[in-house]
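Here is the structure we will look at, set down as structure tokens.
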Amino acid sequence: MTELKNDRLLRALQRQPVDQTPVWMMRQAGRYLPEYRATRAKAGSFMDLCRNPELACEVTLQPLARFPLDAAILFSDILTIPDAMGLGLYFTEGEGPRFKEPLRDAAAIERIGLPDPEQDLGYVMEAVRLIRRELAGQVPLIGFSGSPWTLATYMIEGGSSKNFALSKGMLFENPALLHRLLDKLAAAVTLYLNAQIAAGAQSVMIFDTWGGVLSPRDYELFSLAYMRQIISGLTRVHEGRKVPVTLFTKNGGQWLHQMAESGADALGVDWTTDLADARIAVQDRVALQGNIDPCILYASPQRIREEVANVLNSYGSAPGHVFNLGHGIHPNVNPDHAATLIEAVHQLSRPYHAGE
């Protein structure tokens, strides 16, 4: 086992002292980087890039060559599980992900089985192993999956949606059928994340991108309950150290108290919730990740530093903060602005950790 040279992220996720606030960015390997665009063109398509372990490793490491980030995150997509279930994932320019075989009835849902992570999703596991080897202990590697509810919306709608009419239609009209699908997805996600951990992921994250479109009752029943189920089934210690789990529900700030009881070590927070309020909601039971508005990266370097200072001040001097964007970095951001943000986090956060 290679010794980890920089374990700030893993320590912060467990609310342990660090010398400065760790920082990484959702979608840090992406279209804002010219080197990513070059590799993407070489791959031929987005999914061809995801399915090529060598190229997935290459783009995972690209932001670390540019910036002193405190973590790498596996380059993949949340829809790999539905794709492995045989729904026929494809991407169209300007429309995003689509499925050839959406799930619209009981027969379709009964037909899908649980993918074998090492067989049906072996390209992901091979990428994890390759990235860990190439990182050589530089920083920890984060693995991830979509949440059952979020995956279900894509599978039922056949792609992205604005009003989730088909997914919510099933929720209201045939909740037992939706629960059947969510049960399968929770089992699949648990297998998938445990396989990533076994392959070398040192922390994992559950992206509940569309949990925030639900009512409080339905969020509890159809999203959070299944994320709790996953967390309870995850490998929590591997290679002699704890594997922290982060749960992120976009637009879910009103449910942070319930999320803090999920068994997760950390919660992602988007920019619609102040970190000071989030700390009160979770009563320092879990770490918090976030939460600067990604659009700050369109602003001047001075303004970026000011906003970084505001976010750090909002969280305060206690341990347990991982600095991140409130969602993914936008494709047309200037990489120099990302560099400004990362440098500002490291520099401006040190006084908050002086007494730890």
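In this text, all values refer to a predicted model and were calculated from it rather than measured experimentally. Quick note: numbers below take in every heavy atom, side chains included, and nothing from hydrogens, waters or symmetry partners.
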> Should D265 and R15 be marked as a salt bridge (charged side-chain N to carboxylate O under 4.0 Å, His left out) after you check the CA-CA gap, both sets of side-chain angles, and the distance that decides it?
Replying inline: CA-CA 9 Å; D265 300 283; R15 302 188 64 252; over 6 Å; no
> What's the verdict on salt bridge (charged side-chain N to carboxylate O under 4.0 Å, His left out) for D48 and R40, showing C-alpha distance, side-chain angles and the deciding distance?
Replying inline: CA-CA 9 Å; D48 286 337; R40 164 72 171 73; over 6 Å; no
> What's the verdict on side chain to side chain donor-acceptor pair (under 3.5 Å) for Y123 and S76, showing C-alpha distance, side-chain angles and the deciding distance?
Replying inline: CA-CA 10 Å; Y123 63 91; S76 188; 5.8 Å; no
>> As a quick check of understanding, evaluate side chain to side chain donor-acceptor pair (under 3.5 Å) for S147 and T150, giving each step before the final call.
In response: CA-CA 5 Å; S147 72; T150 292; 3.1 Å; yes
> Step by step, would you call Q202 with R241 a side chain to side chain donor-acceptor pair (under 3.5 Å)?
Replying inline: CA-CA 9 Å; Q202 291 148 296; R241 62 188 308 162; over 6 Å; no
>> Show, in sequence, the C-alpha distance, side-chain angles and deciding distance for W24 and M26, and conclude whether the side chain to side chain contact (heavy atoms under 4.5 Å, CB included) test is met.
In response: CA-CA 7 Å; W24 68 277; M26 285 184 270; 3.8 Å; yes
> Could you walk me through whether Y192 and T80 pass the side chain to side chain donor-acceptor pair (under 3.5 Å) check?
Replying inline: CA-CA 10 Å; Y192 184 54; T80 51; 3.0 Å; yes
>> Let's go through M25 and I329 carefully: what are the C-alpha distance in whole Å and the side-chain angles of both, what is the deciding distance for side chain to side chain contact (heavy atoms under 4.5 Å, CB included) to 0.1 Å, and is it a yes or a no?
In response: CA-CA 7 Å; M25 299 181 296; I329 189 168; 4.2 Å; yes
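Cluster annotation: F172 and M170 are assigned to the same hydrophobic cluster (Ile/Leu/Val/Met/Phe/Trp/Tyr, side-chain heavy-atom contacts under 4.5 Å, transitive). L114 and M155 fall into different hydrophobic clusters, defined by Ile, Leu, Val, Met, Phe, Trp and Tyr side-chain heavy atoms under 4.5 Å apart, directly or through other members. Each of L191 and L87 belongs to its own hydrophobic cluster when Ile, Leu, Val, Met, Phe, Trp and Tyr are linked at side-chain heavy-atom distances under 4.5 angstrom. Both F323 and V333 sit in one connected hydrophobic cluster of ILVMFWY residues. Membership requires side-chain heavy atoms under 4.5 Å apart, directly or through other members. Residues F144 and V189 share a single hydrophobic cluster, defined by chaining ILVMFWY side chains whose heavy atoms lie under 4.5 Å apart.
When side chains are defined from C-beta on, P97 counts as touching L89, because their heavy atoms get closer than 4.5 Å. Considering only heavy atoms from C-beta on, H353 stays 4.5 Å or farther from S317 through its side chain. Between P140 and D7, every side-chain heavy-atom pair lies at or beyond the 4.5 Å cut-off. Contact check for V23 versus P68: no side-chain heavy atoms found under the 4.5 Å cut-off. Within the 4.5 Å cutoff, no side-chain heavy atoms of R27 are placed close to those of H330. Between Y352 and L312, some side-chain heavy-atom pair lies under the 4.5 Å cut-off. When side chains are defined from C-beta on, I206 does not count as touching S145, because their heavy atoms never get closer than 4.5 Å. Side-chain atoms of V311 and N313, non-hydrogen and from C-beta on, never get closer than 4.5 Å to each other.
Annotation: the span from I342 atom CD1 to D70 atom CG amounts to 9.0 Å, rounded to 0.5 Å. Here the straight-line distance linking atom CE of M227 with atom OG of S232 works out to 13.0 Å at 0.5 Å rounding. Rounded to the nearest 0.5 Å, atoms OH (Y90) and NZ (K100) are 8.0 Å apart. We find the CG-CD distance between L61 and Q138 to be 8.0 Å, quoted to the nearest 0.5 Å. The distance from the CD1 atom of I156 to the OG atom of S167 is 4.5 Å, given to the nearest 0.5 Å. The CG atom of L185 sits 10.0 Å away from atom OH of Y226, with the distance rounded to the nearest 0.5 Å.
Remark: aromatic rings of Y36 and F75 are close, center separation under 6.0 Å. For F222 and W149, the ring centers are positioned 6.0 Å apart or more.
In this structure D336 satisfies the side chain to side chain contact (heavy atoms under 4.5 Å, CB included) test together with N334, sequence neighbours excluded.
The aromatic rings of F207 and F248 sit perpendicular to each other, their planes meeting at more than 60°, with 30° as the lower class boundary.
When every heavy atom of Q20 is checked against every heavy atom of R350, the shortest pair comes out as OE1-NE, 2.7 Å. Nearest heavy-atom pair, V18 versus A12, reported as atom, atom and distance to 0.1 Å: CG1-N, 4.1 Å.
Counting only residues at least two apart or in different chains, salt bridge (Lys or Arg N to Asp or Glu O under 4.0 Å) contacts with residues 199-223 comprise E220-R228.
Taking the charged nitrogens against the carboxylate oxygens, R51 and D83 do have a contact shorter than 4.0 Å, which makes a salt bridge. R132 has no carboxylate O lying under 4.0 Å from a charged side-chain N of E126, or vice versa, which leaves the two without a salt bridge.
Relative to the ring axis of Y315, R279 places its NZ or CZ within 45° and under 6.0 Å from the centre.
Q302 CD: 12 or fewer foreign heavy atoms inside a 6.0 Å radius.
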